[in-house]
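Both ligands and their constituent atoms are indexed starting at 1 by order of listing. Just so you know, these numbers come straight off a predicted model, no measurement behind them.
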Amino acid sequence: MSQQIYPVPAHAKERSHLTPDDYQRMYTQSVEQPTEFWAEQAKTIDWIKAPTKIKNTSFDAHNVSIKWFEDGELNVAYNCIDRHLAKRGNVTAFIWEGDDPHSHDIITYHRLHDEVAKIANGLRKLGVCKGDRVAIYMPMIPQAVYAMLACARIGAVHTVIFGGFSPNAIADRVNNCQAKVLITADEGLRAGKHIPLKVNVDTAFAEHDCPSMEQVVVFKHTGNEVSWGKNDIWWHDLTADCSTDCPPEAMNAEDPLFILYTSGSTGQPKGVVHTTGGYLVWASMTHKYVFDYQPGEVYWCAADVGWVTGHSYIVYGPLANGATSVMFEGVPTYPDVRRIGQIIDKHKVNILYTAPTAIRALMAHGDFPVEGISGESLRLLGSVGEPINPEAWQWYYTTVGQSRCPIVDTWWQTETGGAMITPLPSVTAMKPGAASHPFFGVQPALVDGEGHELAGATEGNLIIKDSWPGQARTVYGDHERFVQTYFTTYPGTYCTGDGARRDEDDYFWITGRVDDVLNVSGHRLGTAEIESALVSHYAVAEAAVVGYPHDLKGQGIYVYVMPNEGVEVTDELSKELSNWVRKELSPIATPDLIQWSAGLPKTRSGKIMRRILRKIAANEYEQLGDTSTLADPSVVDTLIEQRLNR
Ligand code: ATP
Ligand code: MG
């Protein structure tokens with residue numbers, strides 16, 4: 001593991017919202033006097049009725065109940081749009097960059113207001129009321145954001161379904177939350193390919209019974225012909241005579257804002273419910289401090305609005321702060337792997353926030369992704385979604401960030417609403433691969449298998465000891481599952497399901513999912529460290545490690561590796577790789593089986609699904625569990641065919 005430390009650069013200190021002393025003072029207050037601290041923070045939001053009751057939370061498994069600002073009233077869309085109009089209405093909210101490098105659009109806060117008001121009035125016309133659920137199945141176009149904010153404006157609860165999901169996944173989610181309207185587009189565009197969104201929706205409702213669904217609103221995006229049913233209505237027809245005046249609904253702080261299903265890396269996706277007041281305070285505050293966002297800067301979160309990262313850091317956080325964001329329809333590799341760099345130069349992007357899966361995909365091409373790119377506008381980089389291997393961190397830092405831009409490696413989950421453990425650009429000296437320190441109000445701790453808290457430099461299960469405003473309140477329609485999943489393993493605490501290591505400087509390093517931890521001859525090994533050692537070898541682009549039953553060691557180490565471009569896979573190479581891990585990490589971590597593969601099974605959000613690899617390694621590939629969120633099922637067939645443990 002890399003021991004290098006990167007101090008806070010002078011340019012980050014000079015411009016910042018925070019000094020290291022501010023962080024210490026504010027952090028201490030946030031955990032010792034949470035009521036005072038959060039009462040003050042809540043003032044950054046415009047309330048219709050300011051809250052007087054700040055925190056009312058219980059992690060007791062018999063009575064899990066989480067309420068923040070519970071007597072306050074507000075409207076999220078008002079906070080994200082209207083309150084900026086008087087002074088900053090002509091500021092750009094979104095620079096939209098199409099899949100086609102020649103298409104882009106500018107959406108000011110004024111325009112955002114008018115577009116949102118029209119579709120919000122359209123939804124009201126369809127009979128959508130406060131509390132009703134609306135599904136949104138859209139490409140990465142501004143209308144996806146308009147639809148989300150329109151729901152927030154009228155008090156409807158949105159559930160965004162990632163535009164890459166299949167008809168089955170649409171039907172499952174619509175039925176789970178009983179959505180009454182679905183908003184989609186004729187087609188999406190990704191890497192020049194047409195994504196048949198409307199066809200998928202038609203198939204979902206033809207093949208599944210979805211009794212709650214009343215109406216499908218279709219935005220004309222590519223203009224290709226689509227089939228039409230009696231419950232379909234064009235977005236432009238619905239909004240043609242709608243006013244640009246739509247009074248926002250007064251919402252209680254604890255009214256639900258949205259339901260979002262988790263990625264499904266570890267099992268069946270959960271319909272996580274976020275509410276209005278605490279979530280908005282959390283999303284906006286984390287956006288401000290984690291990215292040290294200053295008005296006028298161009299910020300780009302390259303996630304999809306279908307994931308929580310898109311909710312908190314494309315939509316709610318940045319808009320609440322009046323930010324200017326890039327919204328990108330396409331993929332980092334189209335027309336070629338220089339696209340991210342080209343967008344950075346074209347729109348003078350100052351802050352880039354993306355995922356390790358994208359970073360590793362570009363890194364496999366060496367320096368080519370930045371060929372002909374200036375990149376001089378960049379000042380900060382971010383990472384989210386998986387542990388970032390030190391090797392990928394280094395590449396991101398030197399090649400993309402030109403050894404000038406700090407990296408914020410933000411650890412968080414759909415359930416946490418926003419960043420939880422993260423470096424802060426002006427505060428934290430960086431260690432590559434470490435999520436570092438807790439954000440305000442977050443009390444992480446490490447516990448052993450019995451729930452005993454571990455002190456000092458050590459490794460264990462990561463828990464959070466008390467509530468924070470952005471926390472999910474329940475699993476939709478199944479509070480018992482919420483309680484069982486997060487609050488019974490280590491009673492009285494929130495169990496994250498992730499493992500972590502804390503070093504001698506109190507930095508947290510996420511070691512991977514607790515379920516994925518290997519136990520080799522009595523030694524506990526996290527997946528992240530072994531995978532990082534593998535990825536640091538020149539031949540390896542990506543790696544996934546799982547345990548399998550082994551007569552002598554208890555568990556053996558089964559390694560799946562994807563070679564870099566142009567690498568020839570031989571038995572010698574496998575041996576070399578084995579020795580490499582032995583030397584880099586430890587003889588205990590030496591792989592037993594190494595399977596080379598052109599691809600790894602990933603969720604649609606780009607995370608490796610180790611539970612499937614574990615089944616293949618154990619020769620139990622007939623019962624793979626829920627695979628509905630898998631990006632490319634054919635990868636799995638190939639892996640099964642070529643499995644090594646027969
Ligand atoms: P499911 O809960 O359905 O299994 P998921 O956990 O992949 O799916 P998300 O909420 O999208 O769903 O992902 C959160 C998880 O992603 C975290 O629990 C952690 O394992 C991982 N993660 C996110 N960011 C980081 C990071 N910066 N470092 C390490 N791991 C991270
Ligand atoms: Mg999870």
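- Heavy atoms of Ser605 stay at 4.0 angstrom or farther from ligand 1.
- A salt bridge is defined here as a Lys NZ or Arg NE, NH1 or NH2 lying under 4.0 Å from an Asp or Glu carboxylate O, and Lys431 with Asp503 meets this definition.
- The distance criterion of under 3.5 Å between nitrogen or oxygen atoms is met by Asp409 with respect to ligand 1.
- The closest approach between Lys270 and ligand 1 falls below 4.0 Å for a heavy atom of the residue.
- Contacts between Ile510 and ligand 1, counted as non-hydrogen atom pairs separated by less than 4.0 Å, involve the side chain only.
- A salt bridge links Glu386 and Arg360; the closest N-O separation between the charged side-chain nitrogens and carboxylate oxygens is under 4.0 Å.
- Atom 6 (O) of ligand 1 has its nearest heavy-atom neighbour, among Gln413, Met420, Arg513, in Arg513.
- For the ligand labelled ligand 1, residue Ala435 lies outside the 4.0 Å heavy-atom shell.
- Using a cutoff of 4.0 Å between basic side-chain nitrogens and carboxylate oxygens, Arg379 and Glu297 are scored as salt-bridged.
- Glu386 O, 3.4 Å is the protein heavy atom nearest to atom 26 (C) of ligand 1.
- The nearest protein atom to atom 10 (O) of ligand 1, hydrogens excluded, is given as Thr414 OG1, 2.5 Å; this is a heavy-atom distance.
- From the protein, the heavy atom lying nearest to atom 4 (O) of ligand 1 is Thr266 OG1, 2.5 Å.
- Here the heavy atom of the protein found nearest to atom 12 (O) of ligand 1 is Ser263 OG, 3.2 Å.
- Comparing Pro269, Pro356, Pro387 by heavy-atom distance to atom 30 (N) of ligand 1, the nearest is Pro387.
- When heavy-atom distances to ligand 1 are checked against a 4.0 Å cut-off, Thr410 comes that close only through its backbone atoms N, CA, C and O.
- In Trp307, neither the side chain nor the backbone holds a heavy atom less than 4.0 Å from any atom of ligand 1.
- Under a 4.0 Å criterion applied to the non-hydrogen atoms of Ser265, ligand 1 contributes the atoms 1 (P), 3 (O), 4 (O), 5 (P), 7 (O), 8 (O).
- For atom 21 (C) of ligand 1, the nearest protein heavy atom (residue, atom name, distance) is Gly385 O, 3.2 Å.
- In Lys607, the part holding a heavy atom less than 4.0 Å from any atom of ligand 1 is the side chain.
- Using a 4.0 Å cut-off between heavy atoms, Asp498 contacts ligand 1 through its side chain alone, with no backbone atom that close.
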